[in-house]
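Values below: all heavy atoms of this structure, side chains included; hydrogens, waters and symmetry mates excluded.
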2 protein chains.
Amino acid sequence: MNDNTIPNLSVDCVIFGFDSEKLNVLLLERKLDAQNGETIFCDHTLVGHHVRTGETLDESAARILKETTGLSNIYLEQFYTFGNPDRLKKTRAKLWLESIGRNPETRVISIGYFSLVNVNSVHVSYTERHAKWFDLKEIDDLGFDHKEILNKALEALQTKIKTNPLAFELLPQKFTLSHLQKIYEVVLGIEIDKRNFRKKVSQVPYIVPLKEKQQKVSHKPAQLYMFSRDIFEATKKKDFNFSF
Amino acid sequence: MNDNTIPNLSVDCVIFGFDSEKLNVLLLERKLDAQNGETIFCDHTLVGHHVRTGETLDESAARILKETTGLSNIYLEQFYTFGNPDRLKKTRAKLWLESIGRNPETRVISIGYFSLVNVNSVHVSYTERHAKWFDLKEIDDLGFDHKEILNKALEALQTKIKTNPLAFELLPQKFTLSHLQKIYEVVLGIEIDKRNFRKKVSQVPYIVPLKEKQQKVSHKPAQLYMFSRDIFEATKKKDFNFSF
DNA sequence: GCAAAAGTGTTGCTATTACACCCATGC
DNA sequence: GCATGGGTGTAATAGCAACACTTTTGC
């Protein structure tokens, strides 16, 4: 490969997207066809790429995200680095790497990032390979060691969302409390009592009600809220706690 | 270099040691002498080494720890990866790398691990370079980007110790409650009320009193306790919480 | 006998849990 | 008018914070 990248270093992004109901992950199709057109295998992987010379790891992750979703300035966080010498030694991995002109014998270290977006704000725009949202709960296996990377990303997200205002990264700017609650439920895999949740939220100064309600819903329209980062920064104490 | 290592990949270990009073970090002296014997500079760095071919990242960290402290089977955790293209571009770093036969132009990614030991159980045995414990609070600057790595390690330790039984890794097998309390105080940088602390501890099943007291102390001898990992594993709920 | 750290309980306050019914809208 | 999700309060309990004095040992 002569694309200005470092052969043994890559970044993989676990892109989490919330769609008002479930937590999704953006995956690429990994389809290998034989010369005669028959499909040798077809499965899915995370979005990733080799790191470029001169690019920081954060920049590399941001670039990958931009290329895949068209989005910039979105939440990205490094969570773990995967470097087992045999992590790319499975048969499919080797075949795939050969097919794209990478040496399957090279030991590649991959730095894991996760990012948080709202699915509706994303125009999945990766043309080379089909990018698609998958319900997290229905993902069973992935190419390479990407299932392991995904598991670790989810763990990191679960830990971090309890003490940091990450939930808002998964929501549109204006959201309802039910959607906010749903995020904690699907991310942490728990059920939360609606009244207790709202009681807690009402004590939080940076979740502010707007003078606006939902439109065109076939039920009582919900109050819309926004997250004020200004108020958060100004009032944050060390003990942010959203653990249920 | 021909030592079977990967030129652009290293592991740096932040070795935290508790001495019943403060939190310490094990550092190496980085001293560069000119041909005429004069010292060009002398400062300190974390313990680190390049990753070997065929070695996992965890194995690499464990090896570094073993070489430096003589200890195996101790707590080690990967916390962050540092890969800025210019992280080794400071003057001293370049001079040093040249002096040990590494190419200062190579972009090196370093995977950060922290480990937890009790200073009394360590025979600092690194002979090539002088290894020494330093009071965490008195470390101002370090070689390379190691101060940044140290800061991030401390942050990771602070986060993790609140919800995981890490404190015991910093203590000898038999310890007093005052020592346990001190760990939370120095790691988190807070003060804790003795009675409230003991009340909490007494509700924790896996901190078990022994039939033994301190010996030869010139004050009322304290009850000794141990941590039972068995009981911890058997009784752990999702909500371990040692945040004060 | 004094210096040093160990050990011990109570009270007020705050936060958490559990729980059930009416409301506004679109169709 | 019915289906859908929105919105609301109370009481009991558990956990947390603040606080001061006596005990045991070595020297």
Would you kindly give the [atom1]-to-[atom2] distance between [X] and [N], to the nearest whole Å?
X: A:E191; N: C:dT16; atom1: CD; atom2: P; answer: 19 Å
X: A:E21; N: D:dG5; atom1: CD; atom2: C1'; answer: 12 Å
X: A:F197; N: C:dT17; atom1: CZ; atom2: P; answer: 13 Å
X: A:K216; N: C:dT25; atom1: NZ; atom2: C1'; answer: 14 Å

Checklist line | Worked verdict on B:D145 versus B:R87 for salt bridge (charged side-chain N to carboxylate O under 4.0 Å, His left out) | finding: CA-CA 6 Å; B:D145 57 347; B:R87 57 182 288 272; 2.7 Å; yes

Margin query: So that I can tick it off, tell me whether A:D43 and A:R30 are bridged by a salt bridge, with the cut-off set at under 4.0 angstrom between side-chain N and carboxylate O.
Written below: yes

Check: For B:S218, what residues pass the side chain to side chain contact (heavy atoms under 4.5 Å, CB included) criterion, not counting sequence neighbours?
Finding: none

Next item on the list: At under 4.0 Å between heavy atoms, which parts of nucleotides 6-15 of chain D does protein reach? Answer with one letter per nucleotide, 5' to 3': B base, S sugar-phosphate only, - none.
Entry: BBBBB-----

Just by distance, with hydrogens left out, do [X] and [Y] show a side-chain donor and acceptor under 3.5 Å apart?
X: A:Y113; Y: A:D58; value: yes
X: A:S110; Y: A:D12; value: yes
X: A:D19; Y: A:N120; value: no

